[in-house]
Amino acid sequence: MRIGVLGTGNMADALATHWVRAGHEVTIGGRDPHKAERLATRIGGSAKPASLHAAAESGQVVLAALPFGAGVDVARDLHAALEGKVLLDCSNPVGPGFGLLTEGGPSAAQQLAAAAPGARVVKAFNLCHEQVWRMRPPVFDGRPLAVPVCGDDETALARVRELVQDVGCEPMAGGGLVRAGLLEATAALFIALWVGEGADAQAIAPPLAYAAGPSHQETEDGTAAFRQGF
């Protein structure tokens with residue numbers, strides 16, 4: 001697969017490194033050609049440096065590895081080059097006090113889609129620190145990390161699911177792009193718990209078997225035991 005990367009920061013580095021190792025052709029695009037060249041050299045393999053425009057044109061999938069706000073401006077400038085492309089958004093609109101910067105408005109992913117209306121936007125890779133994405137692979141207690149993926153185009157989703165697997169993770173259906181805002185809000189909450197409180201965010205969710213409450217049989221047994229006790 002041909003992948004264009006917009007940005008030269010940590011997320012660009014972490015994800016592009018996996019994709020080059022998986023055999024994809026990756027073009028690193030940056031405003032600063034020296035930064036793009038340094039990152040491409042560090043990644044090695046098929047990675048090559050280019051301008052933002054050239055990276056957008058080159059990729060079947062284009063990763064917007066840019067801070068919230070900057071991504072919209074870049075997507076607007078490159079909308080013609082992004083026409084028909086899968087545009088992968090991993091940004092988190094989280095501000096001071098771990099607040100959601102998109103509160104009451106469209107999600108970061110929806111804003112990106114509005115800026116490049118011909119692109120097929122998919123939200124993924126936003127729930128973890130870049131160091132997690134550098135792991136080879138991200139596996140915890142023997143279970144690969146699951147990555148929710150939100151989007152409206154099935155072909156675009158299939159491409160992104162492949163890229164998730166190339167990172168060593170398991171893709172998880174997150175619904176349409178309208179649900180990307182839920183992913184972004186989840187990231188804001190997790191960051192507030194992890195960083196602000198030093199809490200284990202995983203502890204807030206029960207196992208899947210209990211997600212909808214105890215089973216009918218368990219409920220009946222519990223009710224019977226409760227009645228017998230009185």
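Keep in mind the model is a prediction, meaning the values are calculated, not measured. In this chain, residues are counted from 1 in sequence order.
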If you compare all heavy atoms of [X] against all heavy atoms of [Y], which two are closest, and at what distance to 0.1 Å?
{"X": "Ser91", "Y": "Phe68", "value": "CB-N, 4.3 Å"}
{"X": "Cys90", "Y": "Phe125", "value": "CB-O, 3.7 Å"}
{"X": "Ala36", "Y": "Gly30", "value": "CB-N, 4.0 Å"}
{"X": "Val149", "Y": "Ala124", "value": "CG2-CB, 4.1 Å"}

* Do the side chains of Val167 and Leu145 join up, straight or via other hydrophobic residues, at under 4.5 Å, putting them in one cluster? -> yes
* Basic-acidic side-chain contact under 4.0 Å: Arg134, Asp13 -> yes
* Do Glu184 and Lys123 meet the salt-bridge criterion of a basic N to acidic O distance under 4.0 Å? -> yes
Around atom [atom1] of [X], are there more than 12 heavy atoms from other residues, nucleotides or ligands closer than 6.0 Å?
{"X": "Leu208", "atom1": "CG", "value": "no"}
{"X": "Gln202", "atom1": "CD", "value": "no"}
{"X": "Arg21", "atom1": "CZ", "value": "yes"}

* Do Leu63 and Leu163 pass the side-chain contact (heavy atoms from CB on, under 4.5 Å) test, and can you show the C-alpha distance, the side-chain angles, and the key distance before you say yes or no? -> CA-CA 11 Å; Leu63 171 68; Leu163 296 179; over 6 Å; no
Quick one: does any side-chain atom of [X] pair with a main-chain N or O of [Y] as donor and acceptor, under 3.5 Å?
{"X": "His18", "Y": "Pro137", "result": "no"}
{"X": "Gln165", "Y": "Pro171", "result": "no"}
{"X": "Lys85", "Y": "Glu57", "result": "yes"}
{"X": "Ser46", "Y": "His24", "result": "yes"}
{"X": "Arg2", "Y": "Gln60", "result": "no"}
{"X": "Asn92", "Y": "Asn126", "result": "yes"}
{"X": "Asp166", "Y": "Trp19", "result": "no"}

* Asked: So Glu154 and Arg120, salt bridge (charged side-chain N to carboxylate O under 4.0 Å, His left out) or not? Walk me through it.
  -> CA-CA 10 Å; Glu154 184 52 44; Arg120 297 173 289 169; over 6 Å; no
